[in-house]
Amino acid sequence: MVDLSALNPNQRRAVLHIDGPLLVLAGAGSGKTRVIIHRIAHMIETGIAPSSIVALSFTNKAAGEMRERLSALIGKSTAKEVVLGTFHSVGAQMMRETPEAFGVPKRFSILDQGDQTGLVRGILRDLGHHGPAGDRRYDIGAIVQRISLWKNDFVDPRAASDFRLHESDYDEVAAEVYPEYEDRLRSLGAVDFDDLVCRIAHCIEEDEELRAHWRQRYHYLLIDEYQDTNRAQLEVVRRIAGPRENICVVGDDDQAIYGWRGAKVSNILGFDMIFPRATVIKLEENYRSRAPIIECANGLIANNMSRHDKALIPQRGSGSMVTMVVADDSPQESSWVTGKIRKLIHEDHFAPEEIAVLYRSAKQVTAIEEGLQEHGIAYRILGGQATYDRKQVKDVLAYLKLIVAPRDDLGVRRALDVPSRGIGSVTVARLDAFAQERKISFLDAIHSAGQIEEISGRPAQALSRFSEMVRRAQAQYYANGAAVAALRSLITASGLKDSIVGDAGAGKAGQARWQAVEGLLGSLDRFHERALDKGEKPRWRDYLATMNKDSKDEELAIGKVTLTTLHSSKGLEWPVVFIIGVEEGTMPHKRVSAPRISDAISGDLEEERRLFYVGITRARDILFVSRANVRIERGQAVERLPSRFLKEIPSEWTTIYTIAKEEALTTDDLMSMADAFLARLQGPAT
């Protein structure tokens with residue numbers, strides 16, 4: 001029997017509601033995960049088959065934690081039957097089960113962000129969109145984002161030019177790239193992450209037999225973080241649910257902060273209009289934060305017009321007032337923040353992992369990093385680019401696949417493309433056709449390119465050199481099992497290192513790019529050594545599989561202060577939180593004053609307010625909110641105004657602290673000043 005006695009009345013109502021549409025408005029720190037887990041357990045207890053329940057989240061980490069908690073409640077074997085994962089992982093499972101119905105080959109590949117970037121880069125080059133600096137004339141990420149937004153709004157590739165996201169030449173270029181991008185995906189037998197949702201929605205709508213199949217399989221749908229869903233994700237849910245409408249969504253419109261990447265806050269705001277039979281239950285009790293923090297959050301978010309009427313109710317009692325810190329300038333702010341962190345750790349005995357510094361823009365973190373380094377305090381950064389997502393690292397991994405996973409066609413294609421060998425899309429298409437006709441891998445087709453009459457001249461010579469180079473590296477690997485040594489030889493022989501360093505230009509940029517590769521090679525060496533220490537052969541497929549882990553799992557938090565963007569802080573919490581740089585132009589971001597051409601690209605004041613709200617509600621016990629009167633921008637002192645959001649925070653729950661110049665000095669600063677003073681008293685050495 002599932003014990004519901006620890007749940008509050010509204011949590012219990014949400015758990016016991018089984019059939020029909022249900023919207024659970026779960027405020028920050030209101031125990032939503034507990035509700036989700038207990039609801040699934042209760043459904044199974046009433047006789048519902050676990051395999052007919054689908055629970056969707058937005059990260060692999062969240063899905064993993066959910067499964068662990070469900071296993072503890074109902075047992076591992078039963079929990080394993082529940083279909084639990086992200087929209088994309090469940091979409092991939094559906095495609096693998098019925099690939100023909102979804103228009104993909106049985107062994108389709110899934111492009112990750114790096115693969116997409118490489119594909120778009122190649123298309124730009126083929127279309128002639130490159131300047132003196134090569135294909136860096138355009139920000140490829142901006143083009144990929146536009147294609148993604150179009151896909152998730154079901155915009156046909158041939159009609160993209162009529163759906164401008166932003167008034168710039170990027171729209172025109174992206175609209176030209178989009179249909180070619182889709183054509184190349186088909187020729188590769190591949191899909192991207194957006195297809196794992198968009199294609200599912202489209203095919204279920206168009207194919208009555210397919211629709212009936214999945215509606216018979218999945219009777220109950222539960223979606224976590226529903227405020228982050230986009231149009232395509234909503235349509236997948238609606239089309240699978242069908243007339244039964246057994247949909248439970250859990251989310252908080254006050255924490256909808258991803259409009260810039262296509263999330264539609266209207267999905268949660270209008271849930272009861274989309275599903276008129278919906279029951280709405282509010283979870284307002286907050287079990288995370290002290291009362292002053294909650295009251296500040298409530299006062300702030302009440303200024304948003306587009307929201308459900310609700311307010312957090314603190315359950316942990318009173319605590320320290322929220323401290324509003326005012327600095328003369330940015331160096332004083334960063335010096336005070338890092339000095340305060342040092343005091344919290346060494347005098348107040350907080351563990352480093354109990355402290356976080358949050359900021360609107362990644363460029364704000366540099367001064368904090370430097371200050372923590374000076375104090376000898378370890379830290380981790382969330383929200384930056386993961387090492388394995390960098391282009392040069394993905395290129396080297398493609399070369400590794402040539403050696404240890406030669407049947408990975410996508411990896412082989414990437415390696416063939418970098419550095420440029422003068423092998424165009426026509427030659428690649430002929431290789432692909434030859435491989436499909438003979439039912440061999442793409443690499444085997446390259447090895448047999450001499451048999452393809454349509455390939456001759458320079459492309460034939462380039463393929464022959466590539467084939468010979470790969471065979472030598474594979475022979476080296478097969479001879480002694482030293483994959484990393486073979487990889488290093490292959491990188492040298494191919495000219496990949498020169499391409500990586502040269503592509504970044506001379507100097508520090510090129511060195512930094514190659515250092516990332518050396519970091520990867522060092523990681524490969526250590527993986528190899530650990531396997532040998534165990535008396536085993538290295539399982540390179542296992543290593544390559546780790547590339548799909550969430551970036552937040554890469555670094556251990558223990559013993560480290562967390563530095564993170566406000567966006568990346570969502571879903572996390574700490575006893576002590578600093579939110580820095582709360583000024584006009586930063587929080588809210590300066591783009592909110594730009595002409596509102598598109599909610600997907602332009603700034604949105606209410607979303608900025610929600611972002612600040614998310615930051616405030618990350619704090620459990622102590623919260624500092626800091627700003628500076630002056631900041632140095634491009635070498636000049638620029639006056640900064642306090643954020644308009646600060647005026648919306650109830651003053652009775654805050655205390656203002658103005659930093660004196662002496663307080664901003666660290667102990668080391670004072671010791672240095674004392675040494676200098678004594679030196680002046682003693683005079684020059686004789």
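Just so we're clear, the structure is a prediction, and the values are computed from it rather than from any experiment.
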Say whether, by atom type as modelled, one donor and one acceptor occur between the side chain of R414 and the main chain of L397 under 3.5 angstrom. no

Using the side-chain contact (heavy atoms from CB on, under 4.5 Å) criterion, which residues pair with E606? Sequence neighbours excluded. N304, M305, S306, D604, R609, R610

Is the shortest side-chain heavy-atom distance between M43 and I53 below 4.5 Å? yes

If you define the side chain from C-beta out and look only at heavy atoms, does anything of D192 sit under 4.5 Å from Y181? yes

Check the surroundings of atom NE2 in H202: do more than 12 heavy atoms from other residues, nucleotides or ligands lie under 6.0 Å from it? no

Name all pairs fulfilling the ring pair (Phe, Tyr, Trp, His ring centres under 6.0 Å) condition that reach into residues 55-95, sequence neighbours left out, sorted by first residue then second. F58-F87, H88-F193

Yes or no on side chain to side chain contact (heavy atoms under 4.5 Å, CB included) for L16 and L4, after CA distance, side-chain angles and deciding distance? CA-CA 10 Å; L16 296 176; L4 305 182; 3.7 Å; yes

For A41 and L73, which heavy atoms make the closest approach, and how far apart are they? CB-CD2, 3.6 Å

Hey, mind stepping through L185 and L119 against side chain to side chain contact (heavy atoms under 4.5 Å, CB included) and telling me if it holds? CA-CA 9 Å; L185 281 182; L119 190 58; 4.1 Å; yes

Any side-chain to backbone donor/acceptor pair from E607 onto G259? Under 3.5 Å, distance only. yes

Are the side chains of M587 and L358 in touch, meaning some heavy atoms are under 4.5 Å apart? no

Report the distance from atom CZ of R199 to atom CG of D194, rounding to the nearest 0.5 Å. 11.5 Å

Main-chain N/O of S51 paired to E81 side chain as donor or acceptor, under 3.5 Å: no

R69 vs T33, test: side chain to side chain contact (heavy atoms under 4.5 Å, CB included). Steps then yes/no. CA-CA 9 Å; R69 293 179 63 172; T33 305; 3.4 Å; yes

Could you tell me whether the side chain of Q227 and the main chain of Y258 form a donor-acceptor pair under 3.5 Å? no

Report the distance from atom CD1 of I223 to atom SG of C248, rounding to the nearest 0.5 Å. 7.5 Å

Rounded to the nearest 0.5 Å, how far does CD1 of I257 lie from NE2 of H567? 5.0 Å

Non-hydrogen side-chain atoms of W574 and T564 separated by less than 4.5 Å: yes

Please answer whether the main-chain N or O of D309 pairs with a side-chain N or O of K282 as donor and acceptor at a distance below 3.5 Å. yes

Does any pair with a residue in residues 31-59 pass salt bridge (Lys or Arg N to Asp or Glu O under 4.0 Å), and if so which ones, sequence neighbours excluded? K32-D224, K32-E225

Could you give the side-chain donor-acceptor pairs of residues 265-280 under 3.5 Å, partners two or more places apart or in another chain?
unit_1: N267; atom_1: ND2; unit_2: T229; atom_2: O; d: 3.3
unit_1: N267; atom_1: ND2; unit_2: T229; atom_2: OG1; d: 3.0
unit_1: N267; atom_1: ND2; unit_2: N230; atom_2: O; d: 3.2
unit_1: R277; atom_1: NH2; unit_2: R244; atom_2: O; d: 3.3
unit_1: R277; atom_1: NH2; unit_2: E245; atom_2: OE1; d: 3.4
unit_1: T279; atom_1: OG1; unit_2: H17; atom_2: NE2; d: 3.4

Salt bridge (Lys or Arg N to Asp or Glu O under 4.0 Å): which pairs involve residues 226-241, sequence neighbours left out? E205-R239, D228-K570, E235-R238, E235-R239

Side chains of Y359 and T565, heavy atoms from C-beta outward: is any pair under 4.5 Å? yes

What's the spacing between D153 CG and S148 OG if we round to 0.5 Å? 9.5 Å

Side chains of K76 and R67, heavy atoms from C-beta outward: is any pair under 4.5 Å? no

What is the distance from atom CZ of R211 to atom CD1 of I240, rounded to the nearest 0.5 Å? 11.5 Å

Could you check whether any side-chain N or O of Q145 sits under 3.5 Å from a backbone N or O of W260, counting only pairs where one atom can act as donor and the other as acceptor? yes

Side-chain donor or acceptor of E573 paired with backbone N/O of R620 under 3.5 Å: no

For Y379 and V357, what are the C-alpha separation, side-chain angles and deciding distance, and is it a side chain to side chain contact (heavy atoms under 4.5 Å, CB included)? CA-CA 10 Å; Y379 60 90; V357 181; over 6 Å; no

When you measure from the side chain of R290 to the backbone N and O of R316, does any donor-acceptor pair fall under 3.5 Å? yes

Side-chain donor/acceptor of S361 to backbone N/O of Q364, under 3.5 Å: no

Indicate the atoms forming the closest heavy-atom contact of N10 with I281, along with that distance. O-CG2, 3.6 Å

State, with a plain yes or no, whether a side-chain heavy atom of R13 is found less than 4.5 Å away from one of P9. no

Could you report the tightest heavy-atom contact between N286 and A28, atom names first, then the distance? ND2-O, 2.5 Å

If you round to the nearest 0.5 Å, how far is CG of D253 from OH of Y226? 12.0 Å

Smallest separation among heavy atoms of G411 and A398, with atom names: O-CB, 3.4 Å

Tell me, which pairs form a side-chain hydrogen bond (donor to acceptor under 3.5 Å, both in side chains) where one or both residues lie in residues 214-223, sequence neighbours left out? D19-Y220, E97-R217

Looking at G615 and I579, what are the two nearest heavy atoms and their distance? C-CD1, 3.6 Å

Residue pair L566 / V614: nearest heavy atoms and the distance that separates them: O-CG1, 4.3 Å

For residues T617 and I293, determine if any side-chain heavy atom of one lies less than 4.5 Å from a side-chain heavy atom of the other. no

Backbone of H589 reached by a side-chain donor or acceptor of R360 within 3.5 Å: no

Verdict with supporting geometry, K310 and E284, salt bridge (Lys or Arg N to Asp or Glu O under 4.0 Å): CA-CA 7 Å; K310 60 186 183 300; E284 297 175 290; over 6 Å; no

